[in-house]
Amino acid sequence: MNKVKKSDVDDPSDWVVEEMSTVHLGDKRLRKRLFVILQRMFNSPVASLKAACRGWAEAIATYRFFDNERITEEALLEPHRDATLQRVRAQKRVLVIQDTTEIDYSSKKELEGTGPLSVEQRKGFFAHSQYVVTPERLPLGVWGTKIYARDREGEKVGRKKQPIEEKESFRWLEGYRDVCRLAELAPDTQTISVSDREGDIYEIFLEWQKRCQQGKSASEWLIRSCQDRCLAPFEKKQANTELKLPGKLRSAVEQSPVLGTIEFYVTKHEGSKKVRGSRIKTFRRARRVVQELHAIEVWLKPPQRKGQTLAPVKIGVVMAREIDPPAGQERIEWVLLTSLSVANFEAAQEILELYLARWEIEVFHRVLKTGCRVERIQLKAADRIKPAIALYMIVAWRVVYVMKLGRECPDLPCDVIFEEAEWRAVYHVVKRRKAVDKPTLGEMVKLVGSLGGYLGRKGDGHPGAQSMWQGIMRARDFALGWLLFTGQTQEI
């Protein structure tokens, strides 16, 4: 594949050139247009595609770009996957978080190819992604995504008896296999696939076991339990006299010895949960939480599948259970299933900390939908709108990456992320004076965040995602003004 040079395009930032350097669309003009579109999206993430473009001619060229049959979400994400792989190879361990989010286009009656969402009256797409982060929660990229519409006829009768390949939940197994491919391409990096309760699927455990037995690359996995699974019959026979395991997973881990306790604070939270097909509101007060940790290894009894007999699988289980929750408040409890070791308290505590990093994909989805406003894209067919969503995923990743890198590596020089026109212009606008020395990355992130509403008061912490996506948009405008004012001919 030919590498793209910055001289090949009109005005992309260095990061755009580096991130998309291996793109191959079969046409040099499409390649150039991709660079311009991605730069415009990043410059104005909250603006519509038309508003982000510079003039009507550029807007028409953008719409024609997405009309081209060569432009698919796979083709646009491929160079980002290549760049993500390079970042993964530089790490000792990464978490690949799987999750599904709804993209609601109910208001766009003319949009073709949508399907029902979790509420039948709403229409749109589901996006199931693998989002890669370090254990320190620095995002490395989107390893893969599947954007699809649900069958309008809804779920078929007898779906539990269908092969996994015919179920919508097959996306979780496909996602795990994608993570195994990453593990194969980055053999010196430990990969861990992390999922919430929807990912509690027996075929994933079986896939991992088969790969290990066959000597193939197999990613580790960490999944929050959804089902109280049955234990294999011979597990009771192997249990020692001090711990006689019952026939169910939850009871077995509850009866295991307490390894130790952990303490943390939770903030106030208002939300909702589904109970018997209906969604009810929930409220949690801010409070100090003390949890006891249990951990155990068990053999799972395989579920019945039509036409095949599945093998039992040995897994680790960690339970973190709150001690004496306040009256009227739901107990905070997690039961986690994993292929990782659960041999002692330190291992169990580490598994809990790794699982809590799952929240990072929620931040990513919030930036994608609220910051990049993908639910307002004005395109009229699924094969046009899906590639646009894929590009906005790269933009959303980059926004979070800038925010997190400023927190994790605040002493780096700011030009690892920002170009000279950007940091000089932002510094001058915010500080009301020219920069004598180049600011650090941590300082620059706070300056950009201040353009998006971050106040920087004592106790405010670091800028959040919303401050960053709004600040980035203003920073690019100031940088353009800076170049024009100083008489430089370089575009940005």
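In what follows, residues are counted from 1 in the order of the sequence shown. The figures that follow rest on heavy atoms only: side chains count, while hydrogens, waters and symmetry mates do not.
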**Audit row: Y427, W423, ring-ring contact (aromatic ring centres under 6.0 Å, His included) steps and yes/no** = CA-CA 6 Å; Y427 191 97; W423 64 260; 7.8 Å; no
**Request:** Decide salt bridge (charged side-chain N to carboxylate O under 4.0 Å, His left out) for R224 and D200; before the verdict, give the C-alpha distance in whole Å, the side-chain angles of both, and the deciding distance to 0.1 Å.
**Result:** CA-CA 7 Å; R224 187 176 177 186; D200 183 3; over 6 Å; no
**Request:** List the steps and the verdict of salt bridge (charged side-chain N to carboxylate O under 4.0 Å, His left out) for E220 and R93.
**Result:** CA-CA 11 Å; E220 306 292 350; R93 169 188 274 184; over 6 Å; no
**Request:** For salt bridge (charged side-chain N to carboxylate O under 4.0 Å, His left out), just list the numbers for R384 and E112, CA-CA rounded to whole Å, side-chain angles, deciding distance to a tenth of an Å, and then say yes or no.
**Result:** CA-CA 10 Å; R384 302 176 187 176; E112 303 170 359; over 6 Å; no
**Request:** Could you check L379 against Y63 for side chain to side chain contact (heavy atoms under 4.5 Å, CB included), going step by step and ending with a plain yes or no?
**Result:** CA-CA 8 Å; L379 296 170; Y63 290 131; 3.6 Å; yes
**Message:** side-chain hydrogen bond (donor to acceptor under 3.5 Å, both in side chains) for Q227 and Y202? Distances and angles first, verdict last.
**Reply:** CA-CA 10 Å; Q227 306 176 51; Y202 193 85; over 6 Å; no
**Request:** Report the C-alpha distance between I97 and W359 in whole Å, list the side-chain angles of each, state the deciding distance to 0.1 Å, and finish with yes or no for side chain to side chain contact (heavy atoms under 4.5 Å, CB included).
**Result:** CA-CA 9 Å; I97 308 168; W359 176 252; over 6 Å; no
**Request:** Test L30 against V23 for side chain to side chain contact (heavy atoms under 4.5 Å, CB included), laying out the working first.
**Result:** CA-CA 10 Å; L30 289 176; V23 67; over 6 Å; no
**Request:** Verify side chain to side chain contact (heavy atoms under 4.5 Å, CB included) between E78 and T22, making sure each step is shown before the conclusion.
**Result:** CA-CA 8 Å; E78 188 61 33; T22 60; 6.0 Å; no
**Request:** Would you please test R366 and E362 for salt bridge (charged side-chain N to carboxylate O under 4.0 Å, His left out) and show each step?
**Result:** CA-CA 6 Å; R366 178 169 173 262; E362 305 287 354; over 6 Å; no
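Checked by atom type, the side-chain pair E102/S118 shows a donor-acceptor distance below 3.5 Å. With hydrogens and angles left out, the side-chain atoms of Y176 and E203 include no donor and acceptor closer than 3.5 Å. A donor-acceptor pair shorter than 3.5 Å can be found between the side chains of N43 and Q39.
Across all non-hydrogen atoms, the minimal contact from K50 to A59 is CG-CB, 4.1 Å. Contact record, A388 with I377: CB-CD1, 4.0 Å, taken as the closest heavy-atom pair. Minimum interatomic distance between Y392 and P45 (heavy atoms only, all atoms of both residues): CE2-O, 4.3 Å. Minimum heavy-atom separation, W172 to Q98: O-NE2, 3.4 Å. Annotation for S219 and V179: closest pair OG-CG1, 3.3 Å, computed over non-hydrogen atoms. Nearest heavy atoms, I103 versus A127: CD1-CB, 4.0 Å.
Judged purely by atom type and a 3.5 angstrom limit, S193 has no side-chain atom pairing as donor or acceptor with the backbone of W221. Put simply, the side chain of K108 gets close to the backbone of E375: a donor and an acceptor are under 3.5 Å apart. At least one donor-acceptor pair closer than 3.5 Å links the side chain of E58 to the backbone N or O of R54. At least one donor-acceptor pair under 3.5 Å links the side chain of R70 to the backbone N or O of G26. Checked by atom type and distance alone, the side chain of S129 never pairs as donor or acceptor with a backbone atom of Y131 at under 3.5 Å. Not a single donor-acceptor pair under 3.5 Å links the side chain of H80 to the backbone N or O of G141. Without hydrogens or angle criteria, K386 side chain to I147 main chain gives a donor-acceptor distance under 3.5 Å.
Looking at heavy atoms from C-beta onward, M393 lies out of side-chain contact with E73 at the 4.5 angstrom threshold. Inter-residue side-chain proximity for L34 and L391 is flagged as met; some heavy-atom pair is nearer than 4.5 Å. Between L95 and L354, the closest side-chain pair of non-hydrogen atoms falls below 4.5 Å. Between P410 and T440 there is no side-chain heavy-atom pair separated by less than 4.5 Å. The shortest side-chain heavy-atom distance between F42 and V399 falls under the 4.5 Å cut-off. Contact check for K446 versus P463: side-chain heavy atoms found under the 4.5 Å cut-off. Side-chain contact between K404 and P139: present, with at least one pair of heavy atoms (C-beta onward) separated by less than 4.5 Å. Using a 4.5 Å heavy-atom threshold, the side chains of M41 and L49 count as touching.
Other residues, nucleotides and ligands place more than 12 heavy atoms under 6.0 Å from the CZ atom of F264. By the neighbour-count criterion of 12 heavy atoms within 6.0 Å, atom CZ of R64 is sparsely surrounded, having that number or fewer from other residues, nucleotides or ligands. A 6.0 Å sphere centred on CZ of R376 holds no more than 12 heavy atoms belonging to other residues, nucleotides or ligands.
The aromatic rings of Y355 and W334 sit tilted relative to each other, their planes meeting at an angle between 30° and 60°. Using cut-offs of 30° and 60° for the angle between ring planes, the F126 and Y148 rings count as parallel.
How far CG of L405 is from CZ of R398: 8.5 Å, rounded to the nearest 0.5 Å. Considering CG of L368 and CZ of R373, their distance stands at 13.0 Å, rounded to 0.5 Å. A distance of 7.0 Å separates CD1 in I192 from CG in L222, rounded to the nearest 0.5 Å. Taking CG from L140 and OH from Y401, the interatomic distance works out to 8.0 Å, rounded to the nearest 0.5 Å. Remark: R171 CZ to D178 CG distance equals 13.5 Å, nearest 0.5 Å. Between the CZ atom in R211 and the CD atom in E184 there is a gap of 8.0 Å [rounded to 0.5 Å].
Ion pairing of D104 with K369 is absent here, as no side-chain N (NZ or NE/NH1/NH2) approaches a carboxylate O to less than 4.0 Å. Salt-bridge formation is not detected for the pair K216/E207: no Lys NZ or Arg NE/NH1/NH2 atom is positioned less than 4.0 Å from an Asp or Glu carboxylate oxygen.
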